[in-house]
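It should be emphasised that the depicted structure is a prediction, and the values quoted were computed from it without experimental measurement. The figures that follow rest on heavy atoms only: side chains count, while hydrogens, waters and symmetry mates do not. Every chain is numbered from 1 and lettered A, B, ... according to where its sequence line falls, protein lines coming before strand lines.
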Number of protein chains: 2
Amino acid sequence: MSDPAPGPATFPAAIAARLRREILTGALPPGSPVKERDHAERLGVSRTPLREAVRILAKEGLVTLRPLRSPLVADPTRDEALDEVAVLRQLELFGGELACRNATAEEIAVIARLSETVERDHAGGDPVEVFDLDMQMHRLIVAAGHNAALARTHGEYLARLWRIRFMSARQRTDADRVLADHRGMVAALAARDTGAMRRHMESHLDALVRNVERHFAEGGA
Amino acid sequence: MSDPAPGPATFPAAIAARLRREILTGALPPGSPVKERDHAERLGVSRTPLREAVRILAKEGLVTLRPLRSPLVADPTRDEALDEVAVLRQLELFGGELACRNATAEEIAVIARLSETVERDHAGGDPVEVFDLDMQMHRLIVAAGHNAALARTHGEYLARLWRIRFMSARQRTDADRVLADHRGMVAALAARDTGAMRRHMESHLDALVRNVERHFAEGGA
DNA sequence: CTTTTCGAAATGGTATACCAGAATCATGCC
DNA sequence: GGCATGATTCTGGTATACCATTTCGAAAAG
């Protein structure tokens, strides 16, 4: 979420990254069609790689495919979003448990440093930047569990929920409690205390559920 | 796993289904390259849809993509497979818990009927058929949890682990304990007893872990 | 004025031609 | 004889042309 307008993206993954950014920032609003020719011309690329990029985004759940029709930018309902949060919760709790068991000292140190960075930059830093750091921390914790399949699937859910998380988080930051959760998670990880880790992660994830519910209650798109 | 040699598959999903079957049955052994031109000609289809089919299989984890190289039929190591089983375990346990809470009476009845079918056909029936029914039962239980995201992700893991599960199950059936687990799961579901459900599913999934470990210990491919 | 119908434009799906990088093998040098 | 090196062949990546279906507006019937 930093590059402004890079040159013509050549690989499908790069095209997907660009479209993903446009979707997540709202430049491509939910429900809008993703027409192959239009976006291909706009991005200075052929239909073939753009088509593949759309498929990548579809697999991530950011766009929904319709046979013989234009794909649409995904527009999950409240219940669908909560279902995804529920799965994310299970994946992340499992990741935390594995991290307590398998994380190396270096990984713990990196996570602790990142937590401090978030805490330091929280007040003055760019909210988007802080939000990305927060997500990166969760990703690192799961990665520290040393289960590649879990890390991959967890990453997919994070990507799919990025926009909702972002729009939920910017409404009310809950800054103090979020930071307290982070501190608790880092401490639990350092102590390899799976019970404490689970408690702090549950607190964190419960807050996410509340944020999402409030987001939709306030007519979020 | 029934159609012998259908006519030219026209849609990518159909092509993917055919390739999937060939991979899971071992016709395309793990590690073998999936060359676009060869298979496109063999299946009487162009490279474009076949390419998309390969991407579908890649997302399912059945083939691994390499930049500028032929994709390979996936050949997971023991640890990778066990990692995936561990995630499947979490997903399935969560599905069982949700099923106890959200399943309708009709869904419970369907699952109970299927369990009886498996039990009846187990002795004489085709092993492949029985295996598919077993997997279908797990799929139905998770689906009864009424969490679409969970069902989708769980289905992906089932597909990815199909071959290993199949080759593990055919070695030693563990028939009696498997059927006992099924009965226990159905009973727990009917009683909406999440604790009992979890215990029986854990028994089932522990057996799966043992099967996979034995499969690799015996030099499984 | 509303509704239906027909046709032109648009759009996704597929086939094919072309391009760039990689693998392979023959050849020549050490 | 072994190894580096080069050209040929093969393979995935991309662009483009063609086709089938859908869509949507205009025109005509009610």
Find out whether the Lys NZ or Arg CZ of A:Arg160 is both under 6.0 angstrom from the six-membered ring centre of A:Tyr157 and within 45° of the ring's axis.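 Yes, A:Arg160 sits over the ring of A:Tyr157.
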
Is the phosphate of C:dG12 approached by A:Ser70 (side-chain N or O, under 4.0 Å from OP1 or OP2)?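 Affirmative; the distance criterion is met.
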
Are any of A:Arg51's side-chain N or O atoms less than 4.0 Å away from OP1 or OP2 of C:dG12?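 Checking A:Arg51 against C:dG12: no side-chain N or O falls below 4.0 Å of OP1 or OP2.
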
Write down the atom of [X], the atom of [Y], and the distance for their closest heavy-atom approach.
{"X": "A:Phe216", "Y": "A:Ala81", "result": "CE1-CB, 3.7 Å"}
{"X": "B:Ile15", "Y": "B:Leu50", "result": "CD1-N, 4.2 Å"}
{"X": "B:Pro30", "Y": "B:Val73", "result": "CA-CG1, 3.6 Å"}
{"X": "A:Lys35", "Y": "A:Ser70", "result": "CG-OG, 3.9 Å"}

Find the distance B:Leu72:CG to D:dG12:C1' and express it as a whole number of Å.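 Rounded to the whole Å, the gap is 13 Å.
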
From CZ of B:Phe11 over to P of C:dG13, roughly how many Å is that when rounded to an integer?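 Nearest whole value for this atom pair: 8 Å.
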
Regarding C:dG13, can its base be found pairing with the side chain of A:Arg47 as donor and acceptor, where the two atoms are less than 3.5 Å apart?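 Checked by distance alone, the answer is yes.
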
Which distance, rounded to the nearest 0.5 Å, do you find between the OG1 of B:Thr48 and the CD of B:Glu36?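 Separation between the atoms: 9.0 Å.
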
Going by number, which of residues 55-67 of chain B have a non-hydrogen atom under 4.0 Å from DNA chain C?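 Heavy-atom cutoff 4.0 Å gives no residues at all.
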
Residues from residues 31-41 of chain B sitting under 4.0 Å of DNA chain D, heavy atoms only?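 Under 4.0 Å from DNA chain D: B:Val34, B:Lys35, B:Glu36, B:Arg37.
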
Just to be sure I understand the rule, does A:Thr48 reach a base, reach only the sugar-phosphate, or reach nothing, if contact means heavy atoms closer than 4.0 Å?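 Answer is base: heavy atoms of A:Thr48 come under 4.0 Å of a base.
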
Do the side chains of A:Lys59 and B:Glu156 get close enough for a salt bridge, i.e. N-O under 4.0 angstrom?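 Salt bridge absent between A:Lys59 and B:Glu156.
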
Under a 4.0 Å N-O cut-off, is there an ion pair linking B:Arg37 with B:Glu41?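 No salt bridge links B:Arg37 with B:Glu41.
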
Candidate nucleotides C:dT16, C:dG13, C:dA22, ranked by approach to the side chain of B:Leu68 - the nearest: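 Taking heavy atoms from C-beta onward, the closest nucleotide is C:dA22.
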
Start at the 5' end of DNA chain D and walk down; is the nucleotide closest to A:Glu52 or to A:Arg69 reached first?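 Comparing both residues, the 5'-ward one is A:Glu52.
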
Let me check something: any side-chain donor-acceptor pairs from residues 108-116 of chain B under 3.5 Å, sequence neighbours excluded? List them with distances.
none

